[in-house]
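What follows is a short report on a single structure.
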Amino acid sequence: MQTHSSQFDVIVCGAGHAGIEAALAAARTGAKTLILSGNIDTIGQMSCNPAIGGIAKGNIVREVDALGGEMAVTADVTGIQFRLLNASKGPAVQAPRVQCDKKAYQFRMKHTLELQPNLQIFQATVTSLVFSKGKVVGCKTNLDLEFRAKTLVITTGTFLKALMHIGQNKNEGGRMGDHNAKTLSNSFIEAGIQLERLKTGTPPRLLGRTIDFSKMQEQKGDETPTLFGFYDTRGKEELFHVEQFGERKLGWKPGTDQVSCWITYTSPESKRIVTENLEKSAMYSGQISGTGPRYCPSIEDKYVRFKDKERHTLYLEPEGRNTDEYYINGLSTSLPFEVQNDLIHSIDGLEEAQILRPAYAVEYDFAPPTQLFPSLESRKVENLYFAGQINGTSGYEEAAGQGLIAGVNAARRARGEEPLILKRHEGYIGVMIDDLVTKGTREPYRMFTSRAEHRLLFNHSSAELRLLHHIEAMNLVPPARLDRIKDKLKQIEHWQLWLEKNTTAGGSWGDLIRRPHTEKELPKEFEAVSEPIKKEVLLRIAYKGYLEREKKQIKRLSEIEDTQLPKNINYLEIKGLKKESATKLEEARPVTLGQASRISGVNPSDIGILLVSLKKKTFKTD
Ligand SMILES: Cc1cc2nc3c(=O)[nH]c(=O)nc-3n(C[C@H](O)[C@H](O)[C@H](O)COP(=O)(O)OP(=O)(O)OC[C@H]3O[C@@H](n4cnc5c(N)ncnc54)[C@H](O)[C@@H]3O)c2cc1C
C-alpha cells in the first residue's frame, strides 16, 4: 500500500447527494478536501426518481441553499418541470418540487466539484479506514493507495455490503450498473460501530415511444416556476457560475421550457398479477431481511396493506430532455422480471410498453445514527463523520442536508473550531439531525412537516432569514451575499413595522391584511418593493398571532433546550432519577437537556430532577 503524498484536512468517501454537499461545504469553508468515489461518472446520480423537493423535502433544499450548498441551483438549472406543492394551503406547508434532467443534474454537479478551489476529486473505492489511538486518520482504497486526513466524512449511501434483488435473482452492488463496496463495513465493526440492515427499491424504467400517452392524464408544470435558489441575494457572478465558466453561457431561463408528466392507474388485472405472485417477490419470499421505507411502499406492500383499494395512482416522469426513458413513480417492486412485464402491460397506456431497466430492491448496511453526536461526528471514533443514507435516511434532500452539516463540521474540527449545530426550531435540517441522533430509526427515515413541532416558522422562502446567524458565524456564503441577506431582513422588518404603524380606512394596514376575505389594496410605496420581500412581509403580518405564539413557546423551552449536559456526567448517581431513565441517559449521552427530554422513556419529572441537579451542582462525573 502506497501513501498519497498530500495530507488533507477532510476526506469525503462517496460522491452522492450527501458527499457532494459535504465536500463543497468543507472546501468552501477553507479546508483542503479530497472526495473519493468508486465511480466519478455517477457523481450526484439520482438512484431513484429524477426529482428534487416535495413536501418538507423542498424546504430542506432551500435550507441547503441558504447555508451555501449546491443542490438548489443545480436542480433549478437542470429542471424540466416545476411545481409548487400545496399551493392552495398555508405557506408553512407549501413546498417546491422540480423534475430534473437526470444526466444534466449529474454533469453539473461533477463540473461544480471540478471547478471548486480547495477540492480534489479522485476515483477509487474506499476499502477500509485507518485508525490511530481511537481516532480516524485516513483510508485505504482498492488501488492500494492510502490517503491521510485530519477528519473523514462517510457518505457511502446504499453501497455497504449491498445486495440487489429481482425476484429470486441476486447481485452484489449498491445500485444497478455501479460499483460495489464490500469490505468497508468491516472497518466500522472493528471500531465498535454497530451496523444494521435496511432496504429500498426502485420501479422499472420504460421507453417513451412505446407508451400510449393518449390514455393518460397530462400533468403540466406551473406557469410561474418556484425556483429553489435564493437569487435575489446572489450577485450576477454567483448565478450559474458553472454555466458561465469559459465560453459557456446560460442560454435559457430555468422553468421556461417545461415538459409534462403523465398520470395513469393500476387496473384490477394489475392487482391480480401482484397478489398471485407475492411469494415470488424478493420482499415477500423472506429473501430480504432489511426493513423498507414505509412512506415509499412497493406495489406489493400497497396491495397487502391497502387490501380494499382497487387502484393505485402512477406517474410517468421523463428522465431528461435528451432521452426517451420514463420513470414510473409508484411502481417500485422486487417481483421477477416476467411478472414485472405482465404487470406493466396491465396498466392503461402501458399495454405495449417496453422495459428499459427492471425494477429492483436493494438491501444494505447502515449505521444506526444514535451512535453520533448532533455534529454528526461518531461517538465511537473521533474525527469520523457520517451523513446520508448510511445514517438510515432515505432521499436526496435528507442526504444533502446532513452532508452539508457534516462537511462544515469536519472542516471546523480540522481547524479546532466548535461545530455548527442547528436547533429544532431553526429548520427541518435541525429537526432531522436531532431525530436521528436522539431517537434513531428502525426504517428508512424521511422528512415530513409533521415531524417538526415548530413548522409554522419554516416556510420555504424564509430559510436564509431563519439561518442568518449561522450563515454569518460560519462564513457559509460570500460576503456580498451575506450583506444582501442582512439588507433583505432589514427591509422586511422595516416594512412590517411600517404597515403595522400606518393607517388606512378602518385601522392599520396590518389589520387590513389580517382581515379575511377583503380586497387588499396595498399602499403604493409598498407595492414597489421586490416580490420576495413583499411575500415575506405579508406572511409575517397575516400570521402574526400564530408566529408570536410559536416564538413565545420556543423562548419558554429555551432553558431546557440550551442547557448543556456535562460530557461525563454519571446519571446512575443522580438522586431521585428513575433507574430506567438513568440507564437510558447513560446509553444515549445527550448533549443538552432538550435532547435528553426527547429520549423515549425519559419523562418530564426526570428532566426536572436533572435540571435541579445541574443548578445545584450535585451531580458526579466519571
Ligand atoms: C435502488 C434504490 C432505490 C431508491 N429508492 C428511493 C426512494 O424510493 N425514495 C427515496 O427517497 N430514496 C430512494 N433511494 C435512496 C436515494 O437514492 C438516497 O437516499 C440518496 O441517494 C442518498 O444519498 P447518499 O449521498 O447518502 O448516497 P448515494 O446517493 O447512494 O451515494 C453514495 C456514493 O458513495 C459512493 N461510494 C459508496 N461506497 C463507496 C466506497 N467504499 N468508496 C468510494 N465511494 C463509495 C458511491 O459511488 C456514491 O457516489 C433509493 C436508492 C436506491 C439505490
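Every number for a ligand or one of its atoms is a count from 1 in the order of the listing.
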Kindly confirm or rule out an N or O of [X] lying under 3.5 angstrom from an N or O of ligand 1.
X	result
A18	yes
A15	yes
T42	no
N39	no
L184	no
S394	yes
S47	yes
V362	no

Within a distance under 4.0 Å of any heavy atom of [X], pick out the atoms of ligand 1 and give their elements.
X	answer
G38	43 (C), 44 (N)
T155	32 (C), 33 (C), 34 (O)
G14	33 (C), 34 (O), 35 (C), 44 (N)
A181	38 (N), 41 (N)
T125	40 (C), 41 (N), 42 (N), 43 (C)
Q389	15 (C), 16 (C), 18 (C), 19 (O), 20 (C), 22 (C), 26 (O)
G174	53 (C)
Y360	1 (C)

Identified side chain to side chain donor-acceptor pair (under 3.5 Å) partner of E397 from the options R446, H17, K57: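 Exactly one pass, corresponding to K57.
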CZ (F373) with more than 12 external heavy atoms under 6.0 Å: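 Yes, CZ of F373 has more than 12 neighbouring heavy atoms, counting only those of other groups under 6.0 Å.
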Greater than 12 external heavy atoms within 6.0 Å of E279's CD: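 Correct, the count exceeds 12.
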Return the option from [options] holding the heavy atom at the smallest distance from [atom].
atom	options	result
atom 36 (N) of ligand 1	H17, H179, K199, E21	H179
atom 42 (N) of ligand 1	D178, N391, V126	V126
atom 37 (C) of ligand 1	F159, F122, Y396, F366	F159

Name of the residue among E114, H4, K32 meeting side-chain contact (heavy atoms from CB on, under 4.5 Å) with Q120: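 Result for side-chain contact (heavy atoms from CB on, under 4.5 Å) with Q120: H4.
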Mutual orientation of the aromatic rings belonging to Y303 and H312 [parallel < 30°, tilted 30-60°, perpendicular > 60°]: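 Perpendicular.
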Plane angle bin for Y428 and F458 - parallel if under 30°, tilted between 30 and 60°, otherwise perpendicular: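 Taking Y428 first and then F458, their aromatic rings stand perpendicular (interplane angle over 60°).
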Side-chain touch [X]/[Y], heavy atoms, less than 4.5 angstrom:
X	Y	result
M1	D144	yes
F337	P358	yes
I347	L331	yes
N383	E377	yes

Within the structure, is a non-hydrogen atom of [X] found at a distance of less than 4.0 Å from ligand 1?
X	answer
M176	no
S332	no
A400	no

Compute whether any side-chain donor of one residue and acceptor of the other, for [X] and [Y], lie under 3.5 angstrom apart.
X	Y	answer
T78	R108	no
Y445	D435	yes
S298	S332	no
S185	D365	yes

Looking at [atom], what's its closest protein heavy atom, distance included?
atom	result
atom 27 (O) of ligand 1	G157 CA, 3.1 Å
atom 3 (C) of ligand 1	G201 O, 3.2 Å
atom 2 (C) of ligand 1	T200 CG2, 3.8 Å
atom 7 (C) of ligand 1	C48 SG, 3.7 Å
atom 31 (O) of ligand 1	G16 CA, 3.3 Å

Ligand 1 contact on [X] by region, counting heavy-atom pairs under 4.0 Å:
X	answer
A399	side chain
T156	both
C13	neither

Sidechain N-carboxylate O distance under 4.0 Å for E70, R28: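 Looking at R28 together with E70, the answer is yes, because their closest N to O distance falls below 4.0 Å.
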Residues E317, R83: salt bridge by 4.0 Å N-O rule: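 Answer for the salt bridge query: no.
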Evaluation steps, side-chain hydrogen bond (donor to acceptor under 3.5 Å, both in side chains), between S47 and R175: CA-CA 7 Å; S47 313; R175 186 162 55 199; 3.0 Å; yes
